[in-house]
Amino acid sequence: MREVLVGLGSCGLAAGGLKVYQKFAELLGSGSDAVLKKTGCIGMCYAEVLVEVRDEKNGSTVYGNVSPDKVARIVESHVRNGQAVTEWIVDTNGSTSKQQRIVLRNCGVIDPDSLDEYLARDGYQGLEKALTRMTPEQVISTIADSGLRGRGGAGFPTGTKWRLAAGSKDSHKYVICNADEGDPGAFMDRSLLESDPHSILEGMAIAAYAIGADHGYIYVRAEYPEAVKRLKHAIAQATARGFLGSNILGWGFNLQINLKEGAGAFVCGEETALIASIEGKRGMPRVRPPFPVESGLWGHPTCINNVETLANIAWIILHGADAFKERGTEGSKGTKVFALAGKIKRGGLVEVPMGMALKEVIYDIGGGTLNGSPFKAVQMGGPSGGCIPASLGDTPVDYEQITATGAIMGSGGMVVMDETTCMVDVARFFLSFTQNESCGKCTFCRIGTKRMLEILERICSGKGKQEDIALLSELGEQIKSSSLCGLGQSAPNPVLTTLRYFLDEYTAHIVDKKCPAKACLPLVEFFIVAERCSGCGLCLASCAAGAISGEKKKPHRIDMSKCVKCAKCITVCNVGAIEKR
Amino acid sequence: MIQENQSSRVAPAAFERMLWRHRGESGMLIPLLQAAQDSYGYVPASAIEQISGVTGIPTAEIYGVITFYKQFRLKPLGRHIIRLCKGTACHVVGAEMIGQVIADELKVAPDETTEDGLFTYMVVACLGCCSLAPAMMVDDQTYGRLTPQTIRKVIRQYRRDAEKTKGVAAAKA
Ligand SMILES: Cc1cc2nc3c(=O)[nH]c(=O)nc-3n(C[C@H](O)[C@H](O)[C@H](O)COP(=O)(O)O)c2cc1C
Ligand code: FES
């Protein structure tokens with residue numbers, strides 16, 4: 001039977017996936033040519049809207065950049081006559097990819113709203129196996145033996161965490177799924193929740209059985225309405241069919257799962273702040289110990305795991321620890337999902353075995369940079385991470401080795417940068433983010449980040465001083481050692497890593513008053529390329545400083561002595577005649 | 001949840017029902033504030049008084065929670081909410097300049113509402129559509145791969161639509 005699947009994750013929806021779906025529905029009608037289905041994120045977000053056609057002859061064919069006007073040809077040629085439309089294909093049978101899918105096993109394959117489709121792909125069999133054939137201790141041993149480490153950033157061994165939680169004597173315990181996904185440039189958890197919500201619920205249920213919890217919370221970020229919708233639906237379905245609720249699968253095990261929506265605070269991704277937020281308070285971190293596994297939500301033992309960590313669980317239980325351990329390095333087992341973005345040709349969601357070299361991810365899977373130039377750096381770990389330079393492109397995806405570069409594995413954001421990205425500006429960008437998100441509890445985090453930001457702003461506007469560099473490192477080290485939670489402890493990382501690998505760019509800003517990437521506007525000059533200028537006068541009219549002159553229909557000029565570098569002229573020019581130098 | 005959207009607003013009665021239904025439950029303050037914002041588009045002082053009266057949580061503490069989280073607003077919003085992403089992926093492909101264009105076009109700074117009440121302009125960190133950067137949302141609709149030209153086009157389209165509905169309303173009257 002032929003099938004047509006339209007990717008309707010957030011990216012797909014944003015790119016107009018619903019219109020494409022409707023067009024297919026209209027053209028396929030109720031005829032028996034093919035079954036039309038909705039699915040989640042297919043992963044190649046750069047080419048949204050994505051449509052997959054499955055048939056006996058061609059296997060799986062993925063079309064990219066599908067718009068409603070392309071639908072008729074796909075239906076006529078491929079669906080009705082088995083003739084693939086080759087020029088629109090972005091992937092056949094997963095051939096262009098070195099990926100391995102454990103976490104994303106169902107993403108873009110099943111309809112996230114259909115429990116039956118999840119069940120058809122071994123859904124809830126991990127839970128059934130755990131309940132019927134394993135003791136809680138055996139479940140914990142299997143997870144510990146698999147070597148799975150937390151995917152939320154810190155990489156704490158999941159089995160160890162569960163054992164600690166199981167060891168608490170309290171009769172009331174909680175499991176929490178951390179779906180706050182704060183890294184601004186990462187979307188793995190969102191895609192997972194939207195594309196395969198049941199796998200997260202199943203992972204939570206297995207965790208709850210292992211540690212003896214009867215209540216669970218999923219803390220979802222405020223900006224993820226689609227994920228919330230699908231999770232609610234999945235919880236209702238799973239409860240109705242006896243996979244959640246009371247006396248699960250008839251084994252006397254109870255688990256109720258509730259959804260809590262965040263309200264927009266990055267620090268609430270930190271586990272103790274997250275707990276405070278669920279309790280209805282300001283989301284401020286507190287001193288650990290006690291750790292949540294001893295005293296967490298409302299004082300009860302609480303096991304917090306990240307979305308991706310939980311998505312691994314059912315697979316490990318079902319296939320065994322050895323199958324999981326086969327992949328990866330000595331200290332990092334299994335696979336890791338990354339959200340590839342920035343100046344990359346094929347951005348999207350990828351899952352690779354641990355141990356793959358960064359440059360392999362960027363070039364072989366991501367297709368290299370947008371304009372084909374070599375990549376300059378890759379940012380990992382978001383505001384807590386750092387920029388790894390291209391010269392360290394052989395670094396494998398491995399917790400310890402990434403940490404050795406000064407960055408962190410983080411939750412999986414990978415933002416690729418090329419020669420048009422200014423590393424000083426990137427450091428400034430992250431500092432302004434963390435400065436803004438600091439909850440204000442620790443003095444160094446609150447005021448130290450502010451001072452660092454001021455210095456970086458000074459450097460970016462050409463007013464930096466030579467001694468600023470030493471000052472930045474010193475402040476950075478102090479903030480790291482004097483902050484209570486991971487936010488402050490890691491906030492200086494983007495600055496410290498760029499100082500370490502891109503000191504020449506700092507020097508260029510401070511000494512030569514130049515921005516090599518031409519990104520810091522106060523340090524660049526604007527000019528009009530005469531050959532391209534049509535003399536339309538739009539820039540002249542937009543220039544509040546009166547720096548632009550020229551006659552209609554003749555090339556215009558910018559007088560740099562009057563220019564205030566607001567860049568307005570660039571935004572109004574329709575022919576791209578204004579450039580920076 | 002994206003709550004400021006007009007169409008998704010629930011009647012104030014829903015907020016009040018929720019207030020009474022969950023009386024005495026711990027951890028309900030944030031969901032209650034979210035419901036209030038759903039109902040009114042912002043958290044009005046009257047709602048804060050009501051919550052305090054029913055739950056016994058002091059108003060000072062409620063204000064503490066409201067101001068801690070970026071989601072909550074103490075002022076009414078414009079008819080359309082523009083959320084420009086300034087996350088990492090959007091930043092490296094020029095979100096700063098896009099922000100400038102929006103501010104110029106609307107003549108407001110982030111977190112402000114235009115004089116005609118048509119738009120509130122907000123800056124957020126990552127909409128989760130990083131592959132389509134630079135990105136923004138207007139209400140529930142996402143726009144990706146933005147350029148100064150497309151931004152102006154989108155905003156002007158919303159303005160024209162507003163004019164049209166105003167015209168229709170005037171004709172009816
Ligand atoms: C400032 C800060 C933000 C964090 N944000 C997240 C987040 O968005 N998602 C997440 O899973 N973990 C986040 N964490 C890590 C959590 O505190 C916690 O370690 C994690 O949820 C544990 O799950 P895991 O062991 O499965 O990784 C954050 C930590 C800090 C310090
Ligand atoms: S960084 Fe803009 S959508 Fe993620």
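Note on naming: letters A, B, ... go to the chains in the order of the sequence lines (proteins, then strands), and numbering restarts at 1 for each one.
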query = Is the shortest distance from a Lys or Arg side-chain nitrogen in E181(A) or R190(A) to a carboxylate oxygen in the other one below 4.0 Å?
reply = no

ask   = Taking the six-membered ring for Trp, are H80(B) and F119(B) parallel (under 30°), tilted (30 to 60°) or perpendicular (over 60°)?
value = tilted

request  = Check whether any side-chain N or O of S195(A) sits under 3.5 Å from a backbone N or O of L192(A) as a donor-acceptor pair, and report yes or no.
outcome  = no

key: S52(B) side chain to I48(B) backbone, donor-acceptor under 3.5 Å   = no

ask   = Is E105(B) paired with R159(B) through a side-chain N to carboxylate O contact shorter than 4.0 Å?
value = yes

ask   = Side chain, backbone, both or neither: which part of V65(B) has a heavy atom under 4.5 Å from chain A?
value = both

remark   = Turns out that what part of T147(B) lies under 4.5 Å from chain A's heavy atoms comes down to neither

message = What verdict does the ring pair (Phe, Tyr, Trp, His ring centres under 6.0 Å) test give for F266(A) and F433(A), after you've listed the backbone C-alpha separation in whole Å, the side-chain angles of each residue and the deciding distance to 0.1 Å?
response = CA-CA 9 Å; F266(A) 171 66; F433(A) 178 83; 5.1 Å; yes

inquiry  = If I measure from the heavy atoms of chain B, does A519(A) come under 4.5 Å with its side chain, its backbone, both, or neither?
reply    = neither

task = Tell me, for M284(A) versus chain B, whether the close heavy atoms (under 4.5 Å) come from the side chain, the backbone, both or neither.
result = both

E48(A) (side chain) donor-acceptor with L50(A) (main chain) under 3.5 angstrom = yes

query = Would you call the rings of Y217(A) and Y174(A) parallel, tilted or perpendicular, where under 30° means parallel and over 60° means perpendicular?
reply = tilted

task = Please look at V572(A) and chain B and tell me whether the side chain, the backbone, both or neither of the residue comes under 4.5 angstrom of a heavy atom of that chain.
result = both

query = F68(B) ring centre to R282(A) NZ or CZ under 6.0 Å, with the angle to the axis within 45°?
reply = no

inquiry  = Using heavy-atom distances under 4.5 Å, tell me whether S277(A) contacts chain B through its side chain, its backbone, both, or neither.
reply    = both

request  = Sort C268(A) into side chain, backbone, both or neither according to what part of it lies under 4.5 angstrom from a heavy atom of chain B.
outcome  = side chain

ask   = Any chance the side chains of E261(A) and Q71(B) put a donor and an acceptor closer than 3.5 Å?
value = no

ask   = Between D189(A) and chain B, which part of the residue has a heavy atom less than 4.5 Å away: side chain, backbone, both or neither?
value = neither

key: Under 4.5 Å from any heavy atom of chain B - which part of C41(A)   = neither

request  = Name all pairs fulfilling the salt bridge (charged side-chain N to carboxylate O under 4.0 Å, His left out) condition that reach into residues 48-70 of chain B, sequence neighbours left out, sorted by first residue then second.
outcome  = E437(A)-K70(B)

request  = Could you tell me which portion of T421(A) (side chain, backbone, both or neither) has an atom closer than 4.5 angstrom to a non-hydrogen atom of chain B?
outcome  = side chain

note = So, the part of K260(A) with a heavy atom under 4.5 Å from chain B: the answer is side chain

message = Please classify the contact between L297(A) and chain B as side chain, backbone, both or neither, with a heavy-atom cut-off of under 4.5 Å.
response = neither

ask   = Side chain, backbone, both or neither: which part of N574(A) has a heavy atom under 4.5 Å from chain B?
value = both

query = Which residues, numbered in order, of residues 148-158 of chain B come under 4.5 angstrom of chain A by heavy-atom distance?
reply = P148(B), Q149(B), R152(B)

